[in-house]
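This report concerns only the one structure given below.
In this chain, residues are counted from 1 in sequence order. Here the structure is a predicted model, which is why all the values come from computation and not from measurement.
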Amino acid sequence: MGGGLNLNHLLFLGQGALWTVGLSLIALIGGGLAGFVVAMARVSPVRAVRLLSIGYVQLIQGTPLLVILFLGYFGLSAIGLQLSPLAAAGASLTIYVAAYVGEIWRGCIEAVPRPQWEAAEGLGLSRWQRMTKVVLPQAVRIATPPTVGFMVQIIKNTSLASVVGFVELARAGQIINNSLFEPFLVYALIALIYFALCYPVSRLSRGLERRLGAGRTRPA
């Protein structure tokens, strides 16, 4: 690449943006599945399971995502387990997202009014039936806006995947800038693309929050 910004550069950025979206979806789906397990473990009646899930959440939330990425790519390769940049980035983001989404969903499960739990128990429902028929349907309604809002953080955090050589939007921009030496133009364009990806998600989260009437109180 050389000269000024041209169509090939824009196509390369577009390809990077697609990988940003793809990596975000991998993190959301993988982290969502693992986060559900974490959330259920956090409200488990078994103390050992709760303590184990608390330890996982505290450990991951207290560790920078950058360090998790380094461990997933360079750390594992040092002990003979070589992952591709995509696999390392996807696994690291999944681990990271699971801890945060699990806590979000744990809070939403516990936000279901206690009388709902007690009424289901009074009907003689098993714990699994109480969760699936009474608690989780209400928790999903509460959890939808913050979960969609957290997607903005996932999209932006995918930029850290560039440290393991994965060519997403930020890395694509860095490669282009290394050939053009026009950082203001290139990074302004990258910021604009991130905004175009994140703003609709943020608006969707706000819309869902208003529609579902969750997480907001009106002043008296």
Side-chain angles (χ1 to χ4, degrees), residues 23-76 78-79 81 83 87-121 125-158 160-161 163-164 201 205 208-209 212 214-217:
L23 187 57
S24 299
L25 290 175
I26 291 172
L28 180 65
I29 295 171
L33 293 173
F36 178 74
V37 175
V38 171
M40 296 306 293
R42 291 282 282 114
V43 298
S44 170
V46 181
R47 177 180 168 82
V49 175
R50 289 201 309 275
L51 290 176
L52 192 63
S53 62
I54 289 172
Y56 171 79
V57 170
Q58 293 297 321
L59 176 64
I60 299 302
Q61 290 192 353
T63 305
L65 176 57
L66 191 61
V67 174
I68 298 175
L69 280 162
F70 280 137
L71 284 172
Y73 188 70
F74 300 109
L76 290 180
I79 60 174
L81 183 57
L83 295 181
S92 300
L93 281 165
T94 293
I95 292 170
Y96 180 80
V97 169
Y100 284 90
V101 168
E103 272 300 271
I104 291 173
W105 291 352
R106 188 270 306 165
C108 295
I109 290 172
E110 292 182 345
V112 175
R114 293 308 299 179
Q116 298 283 332
W117 295 68
E118 294 165 359
E121 190 173 358
L125 300 178
S126 66
R127 179 174 177 80
W128 175 253
Q129 288 174 322
R130 293 199 299 272
M131 292 300 292
T132 56
K133 295 181 182 298
V134 179
V135 177
L136 288 182
Q138 298 180 71
V140 168
R141 180 184 176 90
I142 300 171
T144 300
T147 302
V148 174
F150 187 67
M151 285 179 63
V152 174
Q153 298 301 319
I154 297 175
I155 293 172
K156 290 190 289 187
N157 280 334
T158 58
L160 292 175
V163 300
V164 297
V201 179
S205 175
L208 288 171
E209 188 176 329
L212 299 178
R216 180 168 293 187
T217 58

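- In this structure, Tyr96 and Ile60 approach most closely via the heavy-atom pair CA-CG2, 3.8 Å.
- Shown here for Arg130 and Leu125, the closest heavy-atom pair between the two residues is NH1-O, 2.9 Å.
- With hydrogens and angles disregarded, no donor-acceptor distance shorter than 3.5 Å links the side chain of Thr94 to the backbone of Ala27.
- Residues Ala88 and Gly72 approach most closely at CB-O, 3.9 Å, considering heavy atoms.
- Across Leu83 and Tyr73, no two heavy atoms sit closer than the pair O-CE1, 3.3 Å.
- Side chain of Ser53 to main chain of Val49: a donor-acceptor pair is present (N/O by atom type, distance under 3.5 Å, no hydrogens or angles).
- Without hydrogens or angle criteria, Glu103 side chain to Ala99 main chain gives no donor-acceptor distance under 3.5 Å.
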Show your working on side-chain contact (heavy atoms from CB on, under 4.5 Å) between Ile154 and Tyr100 and close with a plain yes or no. CA-CA 11 Å; Ile154 297 175; Tyr100 284 90; over 6 Å; no
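- Separation of atoms OG (Ser92) and CZ (Phe70) is listed at 10.5 Å; rounding is to 0.5 Å.
- Heavy atoms only, all atoms of each residue included: Tyr56 and Ile95 are closest at OH-O, 2.8 Å.
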Is there a side-chain contact (heavy atoms from CB on, under 4.5 Å) between Leu65 and Leu93? Walk through the geometry before answering. CA-CA 8 Å; Leu65 176 57; Leu93 281 165; 3.7 Å; yes
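- To the nearest 0.5 Å, atom OG1 of residue Thr158 and atom CG of residue Leu23 are 5.5 Å apart.
- Contact check for Arg106 versus Val43: side-chain heavy atoms found under the 4.5 Å cut-off.
- Distance check, rounded to the nearest 0.5 Å: CG of Leu66 to CG of Asn157 gives 10.5 Å.
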Audit row: Trp117, Val134, side-chain contact (heavy atoms from CB on, under 4.5 Å) steps and yes/no: CA-CA 8 Å; Trp117 295 68; Val134 179; over 6 Å; no
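- At least one side-chain heavy atom of Trp105 sits less than 4.5 Å from a side-chain heavy atom of Thr147.
- Side-chain contact between Arg141 and Gln138 is absent, with no heavy atoms from C-beta onward closer than 4.5 Å.
- Rounding to the nearest 0.5 Å places CD1 of Ile109 at 7.0 Å from CZ of Phe36.
- When all heavy atoms of Ala111 and Ile142 are compared, the closest pair comes out as CB-CD1, 4.2 Å.
- Judged by distance alone, the side chain of Gln129 and the main-chain N or O of Ser126 form a donor-acceptor pair under 3.5 Å.
- Annotation: the span from Glu118 atom CD to Gln116 atom CD amounts to 10.0 Å, rounded to 0.5 Å.
- Here the straight-line distance linking atom SG of Cys108 with atom CG of Leu136 works out to 11.0 Å at 0.5 Å rounding.
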